[in-house]
2 protein chains.
Amino acid sequence: MRLTTKGRYAVTAMLDLALHADRGPISLSDISKRQEISLSYLEQLFSKLRQNELVSSVRGPGGGYRLSRPADQIFVAQIIDAVNESIDATNCGGAGNCQKGQVCLTHYLWCDLSEQIHQFLSGISLASLVARKDVKSVSERQDAEESQENEEKKNREQKLQLM
Amino acid sequence: MRLTTKGRYAVTAMLDLALHADRGPISLSDISKRQEISLSYLEQLFSKLRQNELVSSVRGPGGGYRLSRPADQIFVAQIIDAVNESIDATNCGGAGNCQKGQVCLTHYLWCDLSEQIHQFLSGISLASLVARKDVKSVSERQDAEESQENEEKKNREQKLQLM
DNA sequence: AAATACTTGACCAAATTACTAGGTTATAAG
DNA sequence: CTTATAACCTAGTAATTTGGTCAAGTATTT
């Protein structure tokens, strides 16, 4: 079972994309600032997300990434699968050859668990996350922090020009 | 989220214990042979299981481990918790300080997932696993292999004595 | 006393993760 | 047409985790 920062980052970044979809293509450096994920790492993750056709890219200035389809058709399980190979809880990868080519004692338990997790995460779309109150409030906080930082940056630049 | 071979081994070993409870204390070397888990590794796992009062040990010849309470009062979630710290899916360990001391965008999603997994694994007792047909059949296979190996070993020893 | 079996802790190799560095394209804006 | 921007690509690497080994105990029964 793999669910580490990698999968979490991917879902967070995709959610950020969904939340700001109205701004046109979103650059990774924007996501990097808002979600505090290293830019180079994001690039690697988005390479996989693009290969799995979850996002499409626009190159050049003003470019970035956008969701490849509506947010209600992208599910958390797909995102994790894209960057993380699988959310399979068995050791044998579901093959059933865990002990001398035959199934091990707990094989079916882990199959059941995998099924359970997969069903849960397959039922959650980006759209449903965007609609959540708690997500909205965190997102508003982040946007506020972002524009505040931009403001400060602008002020610093003005001061420099005056000198 | 940590669910690796470690947790799987622990559950498998505990299930082996439950399956052979009628034989009295079970030595780790028995479990090691049947489940193909390294003895030294089992020792580490059982040290933690004992600290969490899931098993009790009997020392000396004929000793081994037994479940510290009936199999219907031991749940998979407890076993994994014992060896694996937690089955928490959040990055912050549930603290909610994932981003600059505040919650990150996907915090609540991972909380929900943790809850989901925990509920599922908390509902599965060792007794319910023992009762499963598929588990029984794997266990019978393992016991057959074990006694076959013992037979062969005995034969080899007899041959040696005749020489 | 000898054999058996649990206990502890140090140690280690391989894999994985999370991240950095340093490029090269493609393209829109100036 | 130049330049800045941002995607894209390829390596490398530090830290962590995993899954284990080894050695030296301690306790208990026969």
Side-chain angles (χ1 to χ4, degrees), chain A residues 1-13 17 20 23-33 35-52 54-68 80 83-89 91 93 98 104, chain B residues 1-13 17 23-33 35-66 68 80 83-88 91 93 98 104:
Chain A
M1 171 74 191
R2 279 171 232 129
L3 180 49
T4 58
T5 333
K6 195 188 219 164
R8 278 190 289 261
Y9 277 175
V11 175
T12 303
L17 221 55
H20 300 97
R23 299 191 190 172
I26 305 295
S27 74
L28 292 189
S29 73
D30 278 5
I31 300 180
S32 169
K33 276 173 211 151
Q35 307 305 334
E36 299 184 319
I37 307 172
S38 108
L39 178 59
S40 301
Y41 200 42
L42 274 177
E43 284 175 346
Q44 288 173 49
L45 297 180
F46 272 77
S47 162
K48 290 187 179 175
L49 294 173
R50 204 175 64 99
Q51 282 166 37
N52 282 267
L54 293 174
V55 296
S56 56
S57 63
V58 181
R59 304 183 85 162
Y65 287 93
R66 51 164 58 106
L67 300 181
S68 64
I80 294 178
V83 297
N84 230 355
E85 297 181 29
S86 82
I87 46 175
D88 184 15
N91 200 17
C98 354
C104 71
Chain B
M1 172 72 190
R2 280 173 230 127
L3 179 48
T4 59
T5 335
K6 197 187 219 164
R8 278 191 290 262
Y9 278 174
V11 175
T12 303
L17 220 55
R23 299 191 190 172
I26 306 294
S27 74
L28 291 189
S29 71
D30 278 4
I31 301 180
S32 168
K33 277 172 210 150
Q35 307 305 334
E36 300 185 319
I37 306 172
S38 109
L39 179 59
S40 303
Y41 200 42
L42 275 176
E43 285 171 349
Q44 282 178 52
L45 298 180
F46 271 77
S47 162
K48 290 187 179 174
L49 294 172
R50 206 178 63 97
Q51 283 166 37
N52 283 267
E53 294 181 352
L54 293 173
V55 297
S56 55
S57 64
V58 181
R59 306 182 86 159
Y65 286 93
R66 53 163 57 106
S68 65
I80 294 178
V83 298
N84 229 357
E85 294 181 31
S86 83
I87 45 174
D88 184 16
N91 200 19
C98 356
C104 70

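Chain letters run A, B, ... following the sequence lines, proteins first, then strands; residues in each count from 1. The model shown is predicted, which means the values in this text are computed figures rather than measured ones.
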Exercise. Write down the distance between CG (A/L39) and P (D/dC9), rounded to a whole number of angstrom.
Key: 15 Å
Practice problem: Could you state the atom-to-atom distance from CZ of B/R59 to C1' of C/dT8 in whole Å? | Solution: 11 Å
Exercise. Report yes if some heavy atom in the side chain of A/Y65 is under 4.5 Å from a heavy atom in the side chain of A/I31; otherwise report no.
Key: no
Quiz item: Where is the tightest heavy-atom contact between B/C98 and B/C104, given as atom of each residue plus distance?
Solution: SG-N, 3.4 Å
Quiz item: Between B/I80 and B/G7, what is the shortest heavy-atom contact and its length?
Solution: CG1-O, 4.4 Å
Quiz item: Do you know the tightest heavy-atom contact between B/V55 and B/L17?
Solution: CG1-CD2, 3.7 Å
Self-check item: Nearest-Å distance for atom pair OH/P, residues B/Y41 and D/dT18
Solution: 8 Å
Exercise. Could you state the atom-to-atom distance from CG of B/L42 to C1' of D/dC22 in whole Å?
Key: 16 Å
Quiz item: Does a nitrogen or oxygen in the side chain of A/T4 sit under 4.0 Å from OP1 or OP2 of C/dT16?
Solution: no
Quiz item: OP1, OP2 of C/dC6 versus side-chain N and O of B/S27: anything below 4.0 Å?
Solution: no
Quiz item: What is the distance, rounded to the nearest whole Å, between atom CZ of B/R8 and atom C1' of D/dT18?
Solution: 12 Å
Exercise. Report yes or no: is there a donor-acceptor pair, N or O only, under 3.5 Å between the side chain of B/Q51 and the base of C/dT7?
Key: no
Self-check item: Pairwise 5' ranking along DNA chain D for A/G60 and A/S40, keeping only the more 5' one
Solution: A/G60
Self-check item: C/dA18 OP1/OP2 closer than 4.0 Å to side-chain N/O of A/K6
Solution: no
Practice problem: Just call it for B/S57: base, sugar-phosphate, or nothing, with non-hydrogen atoms closer than 4.0 Å on any strand. | Solution: sugar-phosphate
Quiz prompt | Nearest-neighbour nucleotide for the A/L28 side chain, D/dA7, C/dC19, C/dA18 considered | solution = D/dA7
Quiz item: A/R66 CZ to D/dA6 C1': how many Å, rounded?
Solution: 14 Å
Practice problem: Of all the heavy-atom pairs spanning B/P25 and B/V58, show the shortest one and how long it is. | Solution: CG-CG2, 4.0 Å
Quiz item: Tell me: CD of B/E43 to C1' of C/dA5, nearest whole Å?
Solution: 9 Å
Quiz item: Under 4.0 Å between a side-chain N or O of A/Y65 and OP1 or OP2 of D/dA6?
Solution: no
Quiz item: When you measure from the side chain of B/P61, which nucleotide among D/dC9, C/dT7, C/dA3 comes out closest?
Solution: C/dA3
Self-check item: Side-chain N or O of A/Y9 closer than 4.0 Å to phosphate OP1/OP2 of C/dC19
Solution: yes
Quiz prompt | Rounded distance (Å) that lies between atom P of D/dA7 and atom CG of A/L49 | solution = 13 Å
